[in-house]
**Q** 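Quick one: this structure, given as structure tokens, is what I'll be asking you about.
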Amino acid sequence: MATAKSKKTALQSVKGMRDLLPKDQAIWEKIRKVTRDLGEDYNFMRIDTPLVESAALFERGVGESSDIVEKQMFSIKSKDDIALILRPEFTAPVVRAYIEHGMSHMSQPVKLYYIGSLYRYEQPQEGRYREFYQSGFEIIGGESDPLYDAQMIMLAYRFLEEMKIGKLMAQVNSIGCRQCRPLYRKKLVDYYKSKPACKTCKRRLLVNPLRVLDCKEKECDPIKKGAPAMIDSLCVLCRGHFKLVLEYLDEVKLPYMLNNSLVRGLDYYNRTVFEIFSGESDLALGGGGRYDHLVELLGGKPTPAVGFSIGLDRVVMMLDKQEPAPANRKEKRKVFFITIGDLAKKRALPLIESLRRAGVHVEEFMGKDSLRGQLAAADKKGAEIALIFGQMEAFEDSIIIRDLKTGAQETVLLIKMVESVKKKL
Ligand code: HAM
């Protein structure tokens with residue numbers, strides 16, 4: 001029994017990291033299936049990248065002034081003095097892999113999808129964890145075509161629809177390009193200069209001005225509202241691109257709203273950025289955008305790209321609030337394998353294995369309980385058929401098949417076991 005002292009010192013999972021318990025697995029399996037099915041339906045290829053990457057990848061890719069790189073990286077002490085970190089996001093690793101494996105020589109664009117865990121040193125709260133999961137889709141290469149931007153917004157939407165999340169709304173914005181953004185940045189800084197903005201905004205104005213639009217402080221709300229909008233400063237090309245994205249969305253009647261202050265927390269984006277929300281919640285369920293310079297920034301040729309990721313923990317959280325978790329998969333009728341005596345136990349293993357290989361759902365009891373104890377265990381497990389393999393059966397190469405509902409039983413030869421059991425399922 002645990003004493004008061006041992007209770008106090010019992011080890012727990014690390015702050016911001018959770019166990020996904022057996023009761024949670026049905027919904028996570030559904031998420032994995034939706035990811036795989038959509039990946040296949042939309043012609044994406046699966047990619048898995050390592051959990052650990054060089055810190056330089058994110059410093060260069062995500063941006064040194066982003067929150068992720070500035071304060072959220074989980075660094076690892078490596079023996080050879082290379083700065084390593086637990087991946088905080090997937091896009092930079094996927095682009096690294098695209099370059100490293102010469103995927104620019106494949107037919108373009110290359111469409112990749114992934115699912116896995118990420119690590120960000122954030123203040124844990126509802127919907128925000130230090131270990132969390134994303135599914136994501138990236139289109140790398142080809143043209144910087146607004147059709148792809150719209151398709152990605154649609155796919156993000158579809159993903160959440162498949163997960164039965166209701167009241168979806170996409171928020172979209174364009175943050176322009178290398179030509180028009182600096183002019184907008186200057187307008188924004190000039191506007192904010194004389195305003196009593198919060199400390200964080202003042203600092204952001206120096207290092208990453210667009211991020212002031214992301215400020216959540218109440219005191220900055222009115223300032224933000226009056227700020228010049230990027231959309232009014234877009235160059236002709238960016239304006240044309242964005243107009244087409246919206247027209248495609250209109251064409252498929254996808255609900256969206258323009259959000260002038262949507263800038264996203266990662267530095268690699270240009271032009272279209274988007275996030276998806278459900279109902280009144282202000283937690284984004286997913287986000288993404290175009291990132292036409294990331295491949296080049298990480299050492300590849302100039303290559304347009306666009307993608308998004310869905311925050312899976314938040315999807316599960318919404319489902320928990322919205323409706324009861326979907327029922328577990330339909331259970332197959334269970335078979336309970338009972339052994340009595342050492343010889344039977346020894347010979348049971350290959351028999352159980354042959355049943356499983358034939359697709360029979362077998363529970364086994366390898367303890368030393370009496371026949372009655374084992375039948376009680378079978379009942380507890382909800383088994384409908386018991387296979388009883390005792391000393392005598394082991395000598396005679398036979399086994400008893402008992403219907404636990406009716407009590408009827410028959411003895412069959414072991415070579416007929418699989419066939420006879422399958423007939424009863
Ligand atoms: P992100 O906005 O940082 O984008 O993350 C995408 C989604 O992951 C968020 O909308 C949110 O649902 C979820 N998420 C982020 N941080 C946490 C956290 N600490 N706890 C729980 N969920 C979280 C990206 O990661 C980009 N790589 C998306 C992308 C793909 N852009 C282009 N391609």
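Since the structure is predicted, the reported quantities are computational estimates derived from the model, not experimental observations. No hydrogens, no waters, no symmetry mates; every other heavy atom, side chains included, goes into these values. Whatever order the structure lists ligands and atoms in, that order sets their numbers, starting from 1.
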**Q** When you look for protein heavy atoms under 4.0 Å from ligand 1, which residues do they belong to?
**A** E89, T91, Y114, R120, E122, G127, R128, Y129, F132, Q134, E138, R264, L266, Y268, Y269, A284, L285, G286, G287, G288, Y291, G307, F308, S309, G311, R314

**Q** According to side chain to side chain contact (heavy atoms under 4.5 Å, CB included), who are the partners of D24, at least two apart in sequence or on a separate chain?
**A** L21, W28

**Q** Begin with the C-alpha distance, continue with both residues' side-chain angles, and end with the deciding distance and a verdict on side chain to side chain donor-acceptor pair (under 3.5 Å) for Y268 and T91.
**A** CA-CA 10 Å; Y268 45 63; T91 311; 3.2 Å; yes

**Q** Centre of Y191's six-membered ring, under 6.0 Å away, within 45 degrees of the axis: is that where NZ or CZ of K195 sits?
**A**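 Yes, cation above the ring, under 6.0 Å and within 45°.
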
**Q** Does atom OH (Y121) have a neighbourhood of more than 12 heavy atoms from anything else shown, all under 6.0 Å?
**A**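 No, not enclosed.
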
**Q** Can you list the residues that meet the side chain to side chain contact (heavy atoms under 4.5 Å, CB included) rule with P196, with sequence neighbours excluded?
**A** I223

**Q** Identify all side-chain donor-acceptor contacts of residues 294-303 below 3.5 Å with residues at least two apart in sequence or on another chain.
**A**
{"unit_1": "T303", "atom_1": "OG1", "unit_2": "K301", "atom_2": "O", "d": "2.6"}

